[in-house]
Amino acid sequence: MDNKLKKKLQILAAEIRHGIIEGTYHAKAGHPGGSLSAADILAYLYGKEMRFDPENPKMENRDRFVLSKGHAAPALYSALAYTGFFPAEDLKTLRHIGSYLQGHPNMNTVPGVDMSTGSLGQGISAACGMAKGAKYIGKNDIRVYTLLGDGEIEEGQVWEAMMFAAQYNLDNLCVIIDVNGLQIDGKCEDVMSAEPIDKKAEAFGFDYVIIDGNDLDEIEAAFEKFHKSTKPFAIIMKTVKGKGVSYMENAVGWHGKAPNTEEYEIAIAELNAKLAELKEA
């Protein structure tokens, strides 16, 4: 990855994190932890990887993205806002009565959202349907991406969908699993461990790679492998929950809690400093 592209994506990831904090603070609710851990992958998807047009969100030959872990909507909304689908200022209306930006993605109200999600485990099934549909109509160049959480993959429907993907050789499907190690009730390994995720993905007919999901170079290398794969593909990415906000990192309490005013000011100061550093470099 050249330095110019890397800087662009780093700035986008920082902006996405900024939007996550703005949204959850003004909502007084939401899920900042698992949204922050996914900021880098979303920056790469929307800053480099996917084909889309913010001016034409329903463009027929666009790539599709399904946020299977729908509670990370603040991250998706922020990515969409900072890539031109709607004004970033609207992120402050998250979860407000009358806002089109509700707590989980709604394809009927939010430009750029390809599937309404929220019930964990179901988004990957929709993504499989999109990938199969694209192949059925001969649009083999349309790629479908879906982002799941490591707590979410405790759901059995996830593995049924992966069997479907392998059965129909959906090599246009990329399943991204955000392994930040924490879910609402604590550590995933204590609640219901899904490990070994890599061996399970392989057993269910997927090619896969394990990466640091907060490292843009590793993210780029993972997508290059996806492009060359002849099977459905899984990116198993180890991340830090709450990444980018010091007091939220690896803290399970920030799974589903909004920052208060003091916490908000600390977070915004840290993120503004990061943005200034990147823009001055």
Side-chain angles (χ1 to χ4, degrees), residues 13-25 27-46 65-81 91 94-95 101-105 113 115-124 127 145-155 158 175-195 197 211-215 219 234-259 263-264 267 271:
E15 289 174 334
I16 290 170
R17 289 190 166 98
H18 195 283
I20 290 165
I21 297 302
E22 288 286 3
T24 53
Y25 169 70
K28 307 303 180 192
H31 297 78
S35 295
L36 291 165
S37 66
D40 300 293
I41 195 78
L42 288 170
Y44 194 90
L45 282 166
Y46 284 91
F65 176 75
V66 178
L67 183 65
S68 196
K69 61 168 196 169
H71 56 278
L76 176 57
Y77 295 158
S78 194
L80 292 171
L91 296 172
L94 175 69
R95 290 180 176 240
L101 302 177
Q102 285 303 307
H104 292 84
V113 171
M115 185 64 197
S116 302
T117 54
S119 295
L120 294 178
Q122 294 185 0
I124 183 176
Y145 304 82
T146 183
L147 177 63
L148 294 82
D150 49 352
E152 179 183 8
I153 64 173
E154 296 163 12
E155 300 277 358
V158 169
V175 175
I176 305 159
I177 304 173
D178 185 356
V179 185
N180 59 43
L182 300 172
Q183 60 188 100
I184 191 168
D185 294 323
K187 293 181 179 179
C188 294
E189 64 182 9
D190 295 334
V191 178
M192 184 62 67
S193 176
E195 296 290 352
I197 301 170
I211 65 166
D212 176 347
N214 298 129
D215 184 299
I219 291 171
I235 297 176
I236 302 164
M237 58 176 204
K238 308 286 186 176
T239 65
V240 174
K241 194 152 191 164
K243 178 72 174 179
V245 176
S246 59
Y247 61 85
M248 290 187 183
E249 291 190 356
N250 286 317
V252 70
W254 290 104
H255 174 88
K257 180 178 69 171
E263 292 161 340
Y264 163 78
L271 293 168

>> Are Met248 and Glu263 packed together at the side-chain level, in the sense that at least one heavy-atom pair is separated by less than 4.5 angstrom?
In response: no

> Step by step, would you call Leu76 with Phe65 a side-chain contact (heavy atoms from CB on, under 4.5 Å)?
Replying inline: CA-CA 10 Å; Leu76 176 57; Phe65 176 75; 3.9 Å; yes

> Under 30°, 30 to 60°, or over 60°: which ring-plane class applies to His255 and His71, parallel, tilted or perpendicular?
Replying inline: tilted

>> Give me the atom names and distance for the closest heavy-atom approach of Asp150 to Gly181.
In response: OD2-N, 2.7 Å

> Taking the side chain from Thr239 and the backbone from Asn214, do they hold a donor-acceptor pair closer than 3.5 Å?
Replying inline: no

>> Can you tell me how far apart CD (Gln183) and CD (Glu154) are? Round to the nearest 0.5 Å.
In response: 4.0 Å

> What's the shortest heavy-atom distance between Gly70 and Pro105, and which atoms?
Replying inline: O-CD, 3.3 Å

>> Rounded to the nearest 0.5 Å, what separates atom NZ in Lys28 from atom CZ in Arg95?
In response: 13.5 Å

> Atom CD in Glu152, atom CD1 in Ile177: separation rounded to 0.5 Å?
Replying inline: 9.0 Å

>> Give me the atom names and distance for the closest heavy-atom approach of Ser68 to Leu148.
In response: CB-CG, 3.8 Å

> Given side chains that start at C-beta, do those of Trp254 and Leu36 come closer than 4.5 Å, heavy atoms only?
Replying inline: no

>> When you measure from the side chain of Lys241 to the backbone of Leu182, do you find a donor-acceptor pair of N or O atoms at a distance under 3.5 Å?
In response: yes

> How far does CD1 of Ile176 sit from OH of Tyr44, to the nearest 0.5 angstrom?
Replying inline: 11.5 Å

> How long is the span from the CD atom in Glu22 to the OG atom in Ser78, to the nearest 0.5 Å?
Replying inline: 9.5 Å

> Take atom NZ in Lys187; do more than 12 heavy atoms of anything else shown fall under 6.0 Å from it?
Replying inline: no

>> Students often mix this up, so state it plainly: with edges at 30° and 60°, are the rings of Tyr264 and Tyr25 parallel, tilted or perpendicular?
In response: parallel

> Do you know which two heavy atoms are closest between Ser35 and Ala75, and how far apart they sit?
Replying inline: O-CB, 3.6 Å

>> Please report the interatomic distance OH(Tyr77) to CG(Leu101), rounded to the nearest 0.5 Å.
In response: 5.5 Å

> Closest heavy-atom contact between Gly213 and Asp40?
Replying inline: O-CB, 3.6 Å

> Do Thr117 and Gln122 come close enough that some side-chain heavy atom pair is under 4.5 Å?
Replying inline: no

> Are the side chains of Tyr247 and Val245 in touch, meaning some heavy atoms are under 4.5 Å apart?
Replying inline: yes

> What do the steps show when you test Val66 against Ile124 for side-chain contact (heavy atoms from CB on, under 4.5 Å), and what is the final call?
Replying inline: CA-CA 7 Å; Val66 178; Ile124 183 176; over 6 Å; no

>> Show the nearest heavy-atom pair for residues Ala267 and Ile21, with the distance to one decimal.
In response: CB-CG2, 4.0 Å

> Would you say Thr24's side chain and Gly30's backbone share a donor-acceptor pair under 3.5 angstrom?
Replying inline: no

> Is the shortest heavy-atom distance from the side chain of Leu80 to the side chain of Val113 under 4.5 Å?
Replying inline: yes

> Does the distance from a Lys or Arg side-chain N to an Asp or Glu carboxylate O, for Arg17 and Glu249, drop under 4.0 Å?
Replying inline: no

>> Do Met237 and Ile211 have side chains that approach each other closer than 4.5 Å (heavy atoms only, starting at C-beta)?
In response: yes

